[in-house]
Peer 1: 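Pasting in a structure now, in structure tokens, and then I'll have a few things to ask.
For clarity, every value in this text was computed on a predicted model and none was experimentally measured.
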Amino acid sequence: MSNSRGISNNVTEISLATRGSADSIVFLTLFCFCCFLYSIVVILRIIYVTPHLRDNARYLLFAHMLVNDTVYLVTGLLLFLGAWYLIYLPVPFCYFTYTVATSTYRVTPYNLAVISFPLRHAEFCTVRNTTVAIVVIWTVALIPNLADFITISSSFGKLRPMVCSQGALSVTPEQNTIRTLTFTINFSLVALIILFTYIKVLLVAGKIGSGKSFAIKASKTVMLHAFQLLLCMTSLLSSITERYPFNTILILTVSTFLLFTCLPRFLSPIIYGLRDEVIRKNVMKLYSVKY
């Protein structure tokens with residue numbers, strides 16, 4: 001009996017320690033999100049107060065991606081924290097939040113494809129065309145959600161307040177089929193566009209004889225798009241832990257959410273913002289004036 005009691009106490013201590021470590025990672029994620037928000041505000045301010053950036057298609061698409069990633073992180077964190085602390089939400093609010101999170105998740109790779117595809121932004125990527133492209137991106141991103149809503153709508157009356165998650169909202173087999181097909185098509189299509197652009201850049205560089213410097217610079221830019229796409233798509237791995245109870249692999253659940261869902265978006269300001277010479281100069285100018 002005493003041996004069993006000792007084992008029970010050890011398990012409890014391990015469980016509490018694991019929970020404490022997992023909570024620490026949650027707070028770290030929230031801290032990183034606050035830093036991300038601050039950097040987003042700074043970069044967006046620079047873009048929208050600088051006329052030649054505000055009217056540039058590439059910077060408009062970049063600003064759109066940052067705003068979209070912010071909305072994705074906000075809704076993703078709401079869903080994660082609700083599931084983590086077992087908060088029951090009304091089904092309409094849960095489904096709306098889930099819809100915003102999944103649609104903004106799909107918008108990011110589409111946005112990357114549009115950024116990387118045109119080789120001559122200045123010639124045909126005007127502000128008007130960029131606005132049309134953004135509308136098309138959102139339309140395409142919302143189509144799977146519309147199909148999912150049609151599939152689940154007949155079951156809404158049977159659902160009660162729930163701990164909001166993708167698993168809780170999966171009430172028909174057709175929903176899982178729609179999600180799998182959507183992910184496969186999205187990843188394949190965007191990857192092919194970025195690969196096509198990479199090859200096209202190398203061919204154009206060879207034809208115009210611009211030397212290795214142009215080819216290297218252009219290929220690095222396209223490779224960054226591909227790297228960011230890969231990071232965004234890794235967030236699918238965070239859904240693997242949803243198959244397991246929260247009380248068995250707490251640290252794995254939180255760690256995968258931080259690494260595969262949040263980290264790719266946290267890196268966006270660095271990959272596309274601070275490495276950009278124009279934005280970097282404006283950031284340095286802003287802080288030199290401030291301090």
Peer 1: Under 4.5 Å side-chain heavy-atom separation, chaining through any Ile, Leu, Val, Met, Phe, Trp or Tyr, what else clusters with V100? Say none if it is isolated.
Peer 2: V71, F96

Peer 1: Under the side chain to side chain contact (heavy atoms under 4.5 Å, CB included) test, which residues partner V67, sequence neighbours left out?
Peer 2: L44

Peer 1: Using the side chain to side chain contact (heavy atoms under 4.5 Å, CB included) criterion, which residues pair with V49? Sequence neighbours excluded.
Peer 2: R45

Peer 1: Only pairs at least two apart or in different chains count here, so list each disulfide bond (SG atoms under 2.5 Å apart) that has a residue in residues 30-116.
Peer 2: C94-C164

Peer 1: Quick one: which residue pairs count as a salt bridge (Lys or Arg N to Asp or Glu O under 4.0 Å) with a foot in residues 127-138, not counting sequence neighbours?
Peer 2: none

Peer 1: Other than L181, which residues form its hydrophobic cluster under the rule that side-chain heavy atoms must be closer than 4.5 Å?
Peer 2: none

Peer 1: Can you list everything that forms a ring-ring contact (aromatic ring centres under 6.0 Å, His included) with Y95? Sequence neighbours excluded, please.
Peer 2: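 Partners of Y95 under the ring-ring contact (aromatic ring centres under 6.0 Å, His included) test: F156.
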
Peer 1: With sequence neighbours excluded, what pairs up with F36 under the ring-ring contact (aromatic ring centres under 6.0 Å, His included) test?
Peer 2: F266

Peer 1: Residues in side-chain hydrogen bond (donor to acceptor under 3.5 Å, both in side chains) with S170, at least two apart?
Peer 2: R179

Peer 1: Does S103 have any side-chain hydrogen bond (donor to acceptor under 3.5 Å, both in side chains) partners at least two apart in sequence or in another chain, and if so, which?
Peer 2: none

Peer 1: List for me each residue that meets side chain to side chain contact (heavy atoms under 4.5 Å, CB included) alongside I185, sequence neighbours excluded, and say none if there are none.
Peer 2: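 Per chain and number, I185 pairs via side chain to side chain contact (heavy atoms under 4.5 Å, CB included) with no residue.
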
Peer 1: Applying side chain to side chain contact (heavy atoms under 4.5 Å, CB included), can you list everything that pairs with A133, at least two apart in sequence or on another chain?
Peer 2: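 Listed in chain order: V114.
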
